[in-house]
Every structure is written in C-alpha cells, then in structure tokens.
Visitor: 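This is the structure, below, for whatever I ask next.
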Amino acid sequence: MKNVKVLLHLGLPKTATSSLQHNVLQALHSDGRINFLGKCLNYDLATKNIDIVNYTGEFIRDAAEGKVSIKEARNDFLNTLDENKLNVFSDEGLMVAYPGKQNLPLAVKINNLADIFSGYDVQVIVTLRNPVEYLYSLYVELYPDFFSNVRKVNSIEKYSGELVSSPDDILFESFFFDRWIALLKKQFPLSVVSYEKLVAGDEATIAKWARLLGVDSQCFSGLFNVKKVNVKRKSGKEVQQMKDLRRVEMALRDMAAKVRPMYALLRWFYNASGLKRVLNYRVVSKGTHKFPEGVRLERINAVLRSSIKSSESV
C-alpha cells in the first residue's frame, strides 16, 4: 500500500475548487493520466438538479463524516484505486459546517481521513483566500439551500454577527485557518496555496499544483484556464440574491396536512401538476447580499486576525 499514491484536495470552498475539479482533475482523468475519484458535479441553483460527472469516491466523504465505517471505506478504496496512477479525491464540502445540519468537528473528520488512508502515500493540498472574502462567498454559495432556512443566520448581517459573538461555534471552524492547518499537519504532508495567487497565474503556485499532479506547469495552467466554473451574478462587488416561492409551498403543505384523508392525493397532485417545480424554481433578484463594511468589517477582521495573517503568508 505504501506504493499507492493519493492526493487529497480539501478545498477550501470558493477557492476555484470547481474549476480545478472540472477543468484539471476530470480532464486528466479522462486522458488517463490520473485516477480521479471526484468530486465533480454540476449543480443547477435554479432547479436544484444535480448532474454527477464523477463522484466515485463519495464513500470517502461519507466515512470522514461518520456515515459509513472506516473499514467499509478502506474496502471501497481498494476496489477503486489504481496502483499505477496518482489517486486523487477532491471535496471542499468536508471542510465546512452546514447550518441546520448535524456537523462533526474538523478534528474528527481529519482523524477519520487519516484512518481511511492509513498505510498509503498521501499528500494533502488546501487553498486559502482572504478570510472575509471567503466568509462572504461561502455564505452566498450556501444561502439558497441552507442559510435561508435558518432564521438566526438568514442574512449576511446575522451570520457575521454570530461569528463575532460566538466564534467557537462549529459553524465557523473553517474560518480559523491556523487551527485546522495544524490538525492537518499532524496527520499528513500538507501543501498550502493561495487562491489569489492561483487565479493570478503565479508561477510558484502553478508549479506546486503541477508537481503534485505529476504534470508540467504549462499543462496545468492550460487546463485550469479553459473556463471559470460556478461564477455568481454580481452587482459591483456584491452577489445578487436568489429567490423562490418556498414559503408558499410551506403554507400549502400546512393546509394540506389539516385535511388528512386527502393529504396523499393532494401531495400526488402537487408533484404531478408541476406546481412543486414552479414554487421551488429560483430566480436572481435585484437585491444583493451586502458585503461587510464599516464597524461590522472591523469586528470580523478582529476575530479573524490570525486567519488573515495565515492567508497573507502563503
């Protein structure tokens, strides 16, 4: 097993991860140069439809999050690895906590990853960006499916306020770079790169990625720059909000639940008629998620001071 090489790309989210997965990792896999186990998905925010391009290694995330056993994951990996190629798994979602969901601490997830790949030749790579930019972009990304459903964090103002008042809440673990970098370094050889330098085409950053993947810098750069993936609509610096009619759906569900004898029939009609699709369809509104500024920005910067230093030192 020591001869089997593994590269784990753990994000962070909103650090060109989708572009890396689609443009570079999946392309190298299709060309037979690496064994890419995913994640590579197309997710339509408007319809919530998911097109799975490649998620062969979904069991890795499931085991890291405690949904399946380590033993099962190790057996699955034996069945999917390629001894003659670099085996790559990329899943930025492992690094974050989701509002309204049960979340394991990063320390537990990282220890689980170490158990899954014990005995293999493993390298880990992560990408850092300015933590306030990261906080804002992550919020925008998760807002339609998660933050909008949890009242105490259903606006960027509330969310940043929670960070300032309760920084040790598990929701904010991924914002404290120095803490989880130390945890990763205890378990794996770790490479850290800068998002800002990556998208700017910094030669050293490109070379580091290329070396880990076993390709030359020109190859990596050519693939990475094919196109940008998962770009949000903006109004200036701020990202425009997406709206839907789920409140109407919830009201209809409550009304139907009161008519128990007819509930099953009404639910069937709701799905068959296409009404569900209409009420769940999202559109871009004129409103934007307000980027933190003024006193709020100062308070966030104060809480994330160590992370700012970490990102600037890469």
Side-chain angles (χ1 to χ4, degrees), residues 4-29 33-40 54-57 60-61 64 77 81-82 85-96 106 109-114 116-118 120-131 134 138 173-217 219-225 229-230 307 310-314:
V4 176
K5 295 185 178 298
V6 180
L7 177 64
L8 301 179
H9 172 224
L10 302 179
L12 291 172
K14 311 314 300 174
T15 57
T17 305
S18 295
S19 294
L20 286 164
Q21 291 166 341
H22 286 262
N23 297 352
V24 181
L25 303 178
Q26 186 61 33
L28 291 174
H29 175 78
R33 302 182 70 172
I34 65 172
N35 180 34
F36 182 40
L37 304 177
K39 179 176 71 176
C40 187
N54 179 358
Y55 206 1
T56 307
I60 297 171
R61 176 165 176 175
F77 184 59
L81 64 79
D82 188 325
K85 296 177 183 176
L86 175 67
N87 298 273
V88 182
F89 180 68
S90 172
D91 196 330
E92 71 282 13
L94 269 171
M95 299 302 293
V96 300
L106 279 175
K109 295 180 187 178
I110 291 169
N111 287 337
N112 286 343
L113 284 173
I116 295 168
F117 295 103
S118 177
Y120 294 101
D121 181 1
V122 184
Q123 296 271 335
V124 171
I125 185 168
V126 296
T127 311
L128 304 184
R129 71 182 291 185
N130 175 279
Y134 166 54
L138 181 66
E173 261 200 304
S174 69
F175 299 141
F176 295 92
F177 302 160
D178 50 326
R179 300 177 188 175
W180 55 259
I181 284 175
L183 295 174
L184 280 171
K185 282 183 175 179
K186 288 181 180 179
Q187 300 288 1
F188 306 103
L190 177 66
S191 295
V192 181
V193 296
S194 160
Y195 163 77
E196 288 82 2
K197 291 180 180 179
L198 175 63
V199 297
D202 174 70
E203 289 184 5
T205 304
I206 298 298
K208 184 177 287 188
W209 257 109
R211 175 180 57 79
L212 288 171
L213 290 171
V215 300
D216 60 54
S217 294
C219 172
F220 177 88
S221 185
L223 292 172
F224 179 71
N225 291 313
V229 180
N230 196 19
S307 293
S310 295
S311 64
E312 291 176 345
S313 66
V314 180

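Heavy-atom basis, side chains included; hydrogens, waters and symmetry copies ignored.
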Visitor: So L20 and F224, do their side chains get closer than 4.5 Å, heavy atoms only?
Guide: yes
Visitor: Any idea which heavy atoms bring S90 and Q21 closest together, and the distance?
Guide: OG-NE2, 2.9 Å
Visitor: Is any side-chain heavy atom of F36 closer than 4.5 Å to a side-chain heavy atom of Q26?
Guide: yes
Visitor: Just by modelled atom types, is the L198 backbone N or O under 3.5 Å from a matching donor or acceptor in the D202 side chain?
Guide: no
Visitor: side-chain contact (heavy atoms from CB on, under 4.5 Å), that's the test. Do Q123 and L212 meet it? Break it down for me.
Guide: CA-CA 8 Å; Q123 296 271 335; L212 288 171; 4.0 Å; yes
Visitor: With the side chain counted from C-beta on, respond yes when F77 and V6 share a heavy-atom pair under 4.5 Å apart, and no when they do not.
Guide: yes
Visitor: Checking side chain to side chain contact (heavy atoms under 4.5 Å, CB included) against V126, which of L12, V193, L190, V314 comes through?
Guide: L190
Visitor: Between the side chains of E196 and N130, is a donor N or O closer than 3.5 angstrom to an acceptor N or O?
Guide: no
Visitor: Is the distance from the ring center of F188 to that of F117 below 6.0 Å?
Guide: no
Visitor: To the nearest 0.5 Å, tell me how far I34 CD1 sits from K5 NZ.
Guide: 14.5 Å
Visitor: Give the minimum heavy-atom separation between M95 and W180, together with the two atoms involved.
Guide: CE-CE3, 3.6 Å
Visitor: Does the side chain of S191 come within less than 4.5 Å of K208's, by heavy atoms?
Guide: yes
Visitor: Say whether T17 and E92, considering side chains only, have a donor N or O and an acceptor N or O under 3.5 Å apart.
Guide: no
Visitor: Tell me if a side-chain donor or acceptor on T205 pairs with a main-chain N or O of K197 at a distance below 3.5 Å.
Guide: no
Visitor: Nearest heavy-atom pair of S310 and S313: which atoms, and what distance?
Guide: O-OG, 2.8 Å
Visitor: Answer with yes or no whether the side chains of D91 and Y55 bring together a donor and an acceptor at under 3.5 Å.
Guide: yes
Visitor: Verify side-chain contact (heavy atoms from CB on, under 4.5 Å) between C219 and L223, making sure each step is shown before the conclusion.
Guide: CA-CA 6 Å; C219 172; L223 292 172; 4.0 Å; yes
Visitor: Using 30° and 60° as the class boundaries, would you call the ring planes of Y134 and F175 parallel, tilted or perpendicular?
Guide: perpendicular
Visitor: Given side chains that start at C-beta, do those of L138 and V96 come closer than 4.5 Å, heavy atoms only?
Guide: yes
Visitor: Side-chain contact, heavy-atom cut-off 4.5 Å: N87 with Y120?
Guide: no
Visitor: Ignoring hydrogens, what is the shortest heavy-atom contact between A16 and V199? Give both atom names and the distance.
Guide: CB-CG1, 4.4 Å
Visitor: Counting C-beta onward and ignoring hydrogens, is there a side-chain heavy-atom pair between V124 and P189 closer than 4.5 Å?
Guide: no
Visitor: Could you report the tightest heavy-atom contact between R129 and F177, atom names first, then the distance?
Guide: O-CE1, 3.4 Å
Visitor: Dump the intermediate steps for side-chain contact (heavy atoms from CB on, under 4.5 Å) on L213 and F220, then the final yes or no.
Guide: CA-CA 9 Å; L213 290 171; F220 177 88; 3.9 Å; yes
Visitor: Without swapping roles, check the side chain of N23 against the backbone of L25 for a donor-acceptor pair under 3.5 Å.
Guide: no
Visitor: Nearest 0.5 Å, please: how far is CG in D216 from CZ in R211?
Guide: 14.5 Å
Visitor: Check each of L184, V122, L10 against L113 using the side chain to side chain contact (heavy atoms under 4.5 Å, CB included) test, and report the only one that passes.
Guide: L10
Visitor: Got E173 and L106 here, is their nearest side-chain heavy-atom distance under 4.5 Å?
Guide: yes
Visitor: Do K109 side-chain atoms and L94 backbone N/O form a donor-acceptor pair below 3.5 Å?
Guide: yes
Visitor: Nearest 0.5 Å, what's the CD1-CG distance between I110 and L8?
Guide: 11.0 Å
Visitor: Evaluate side-chain contact (heavy atoms from CB on, under 4.5 Å) for L37 paired with V88, printing each intermediate quantity in order.
Guide: CA-CA 6 Å; L37 304 177; V88 182; over 6 Å; no
Visitor: Calculate, to the nearest 0.5 Å, the distance between atoms NZ and CD1 belonging to K186 and I181 respectively.
Guide: 13.5 Å
Visitor: Taking all atoms of both residues into account, what is the closest heavy-atom pair of I60 and I116, and its distance?
Guide: O-CD1, 3.8 Å
